[in-house]
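The shown structure was predicted, so the numbers you read here are calculated from the model rather than taken from an experiment. In what follows, chains carry the letters A, B, and so on, assigned in the order in which the sequence lines appear, proteins first and then strands, with residues in each chain numbered from 1.
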Protein chains: 2
Amino acid sequence: MTNKFERDLLRGSLDLVVLSVLAGGGKKYGYLIQKEVREASGGRVDLAAGTLYPLLHRLEDDGLIRSSWDAGTGRERKWYELTAAGRKRLSAQAQEWADYAACIRQLLAIAKVQPAS
Amino acid sequence: MTNKFERDLLRGSLDLVVLSVLAGGGKKYGYLIQKEVREASGGRVDLAAGTLYPLLHRLEDDGLIRSSWDAGTGRERKWYELTAAGRKRLSAQAQEWADYAACIRQLLAIAKVQPAS
DNA sequence: GGGTATATATAGCACGGCGATATATCGGCT
DNA sequence: AGCCGATATATCGCCGTGCTATATATACCC
């Protein structure tokens, strides 16, 4: 992330972002998730490795995702998939996000804030 | 804030929220800002005193707001108002917020996330 | 065999929201 | 007068967490 503001924005939506990418279907591994997030966000969200991997561990500890190591030889990948709890959490947070965003939009509208050019 | 998710959401929009309330016109003091944020957000955003006052100090240190103590006797109030830099920052962050929100909405759309009932 | 991309992991830093706590005034009730 | 809740500001310290830096190892191309 470029600046502090964006870093803090990310903080409020990081679980949401990663869970939603995993909801896109099938198992995915960390490095792939990083790439998909970057692409799906048009380059705006680019997770540092030091952010992503600890996050995946937290999500797994919380039972929201499940992992299995690649069976093949060579470069090992840790494949993640959503659990039922993860899917539920994703839905709930998506709703909360939408509500909160609407709330902020209203605050800005009340103040008649003009976006910068 | 009720839970961790909302606390982290707040973190990404706190400056925005406070600056936008101050953009609403005239000088305002901390306790009033707290009330107006609570009301304008439908009770969703309720700033703790331990959040609000340090924040106001930071914003002032950054030159985004300016303060003056109440001249009258009795209960003292510290009145804040936006500076030109503050108004500029507000516009910029409002734009960034809108862009980021659009980005998240797209991510959720791609993943076909259904919001919780 | 050297360099770049792929792939995962962790330690430690820096920052900030919040609970707890302190202080003081004001108004209403009894 | 005394009490109490609301008003009003302030700070300390805890805790969570995103990120930089660092480590390790494989794959592939030149």
(Q) I want to verify a distance call: between dT11(D), dT7(D), dT17(D), whose nearest atom is closest to the R58(A) side chain? (A) dT17(D)

Q) What's the CD-P distance between E76(B) and dC26(C), to the nearest Å? A) 10 Å

Q. Counting just side-chain N and O atoms, does H57(B) come under 4.0 Å of either OP1 or OP2 of dT9(D)?
A. no

Q | Protein-nucleotide distance (D8(B), atom CG; dG16(C), atom P), rounded to Å | A | 14 Å

Q. In terms of side-chain heavy atoms of R77(B), which of dG17(C), dA8(D), dT8(C) is nearest?
A. dA8(D)

Q. What about R11(B): does its side chain form a donor-acceptor pair under 3.5 Å with the base of dC15(C)?
A. yes

Q: Under 4.0 Å between any heavy atoms, over every strand shown, what does L55(B) touch: base, sugar-phosphate, or nothing? Just pick one.
A: nothing

Q) Which residue lies toward the 5' end of DNA chain D, Y80(B) or K35(B), if each is placed at its nearest nucleotide? A) K35(B)

Q. Sub-3.5 Å donor-acceptor pair from the side chain of E60(A) to the main-chain atoms of S67(A), do we have one?
A. yes

Q. If you check every side-chain atom of A48(A), which of dA6(D), dG17(C), dC19(D) has the closest atom?
A. dC19(D)

Q.
Is the phosphate of dC15(D) approached by K4(B) (side-chain N or O, under 4.0 Å from OP1 or OP2)?
A. no

Q) For the side chain of L10(B), counting heavy atoms from C-beta on, which of dT9(D), dT8(C), dC18(C) is nearest? A) dC18(C)

Q. If you look at every strand shown and take non-hydrogen atoms under 4.0 Å, does G30(A) touch a base, only sugar-phosphate, or nothing?
A. sugar-phosphate

Q: Compare the minimum distances between each of dT6(C), dT9(D), dA9(C) and the side chain of Y31(A), then state the nucleotide with the smallest one.
A: dT6(C)

Q.
Without decimals, in angstroms, what is the distance between Q34(A) CD and dG18(D) C1'?
A. 14 Å

(Q) From C-beta outward on P54(A), which listed nucleotide comes closest to its side chain: dG18(D), dT10(C), dA10(D)? (A) dT10(C)

Q) dG18(D) P sits how many Å from F5(A) CZ, rounded? A) 16 Å

Q. Quick one: which of dA9(C), dG18(D), dC18(C) gets closest to the side chain of T51(B)?
A. dC18(C)

Q. Which whole-number value in Å describes the distance from K78(B) NZ to dT25(C) C1'?
A. 18 Å

Q. Between atom CG in L14(B) and atom P in dG16(C), what is the gap in whole Å?
A. 10 Å

Q: Provide, to the nearest angstrom, the distance between the CD1 atom belonging to I33(B) and the P atom belonging to dA10(D).
A: 11 Å

Q. Can you check whether K27(A)'s main-chain N or O pairs, donor with acceptor, with E81(A)'s side chain at less than 3.5 Å?
A. no

Q: Could you pull out all residues at least two apart from S13(B) that satisfy side-chain hydrogen bond (donor to acceptor under 3.5 Å, both in side chains)?
A: Y100(A)

Q) Checking D62(A) side chain against L64(A) main chain: does a donor-acceptor pair fall under 3.5 Å? A) no

Q.
Applying a 4.0 Å non-hydrogen cut-off, can you work out what L32(B) is touching in the nucleic acid: base, sugar-phosphate, or nothing?
A. nothing

Q: Measure from the side-chain N and O atoms of T83(A) to the backbone N and O of G63(A), and report whether any donor-acceptor pair falls under 3.5 Å.
A: yes

Q: Walk me through it: do L14(A) and D8(B) pass the test side chain to side chain contact (heavy atoms under 4.5 Å, CB included)?
A: CA-CA 10 Å; L14(A) 190 47; D8(B) 286 340; over 6 Å; no

Q | Nearest-Å distance for atom pair OH/P, residues Y29(B) and dC26(C) | A | 14 Å

(Q) Both Y53(A) and D15(B) contact DNA chain C. Taking the nearest nucleotide for each, which residue is further toward the 5' end? (A) Y53(A)

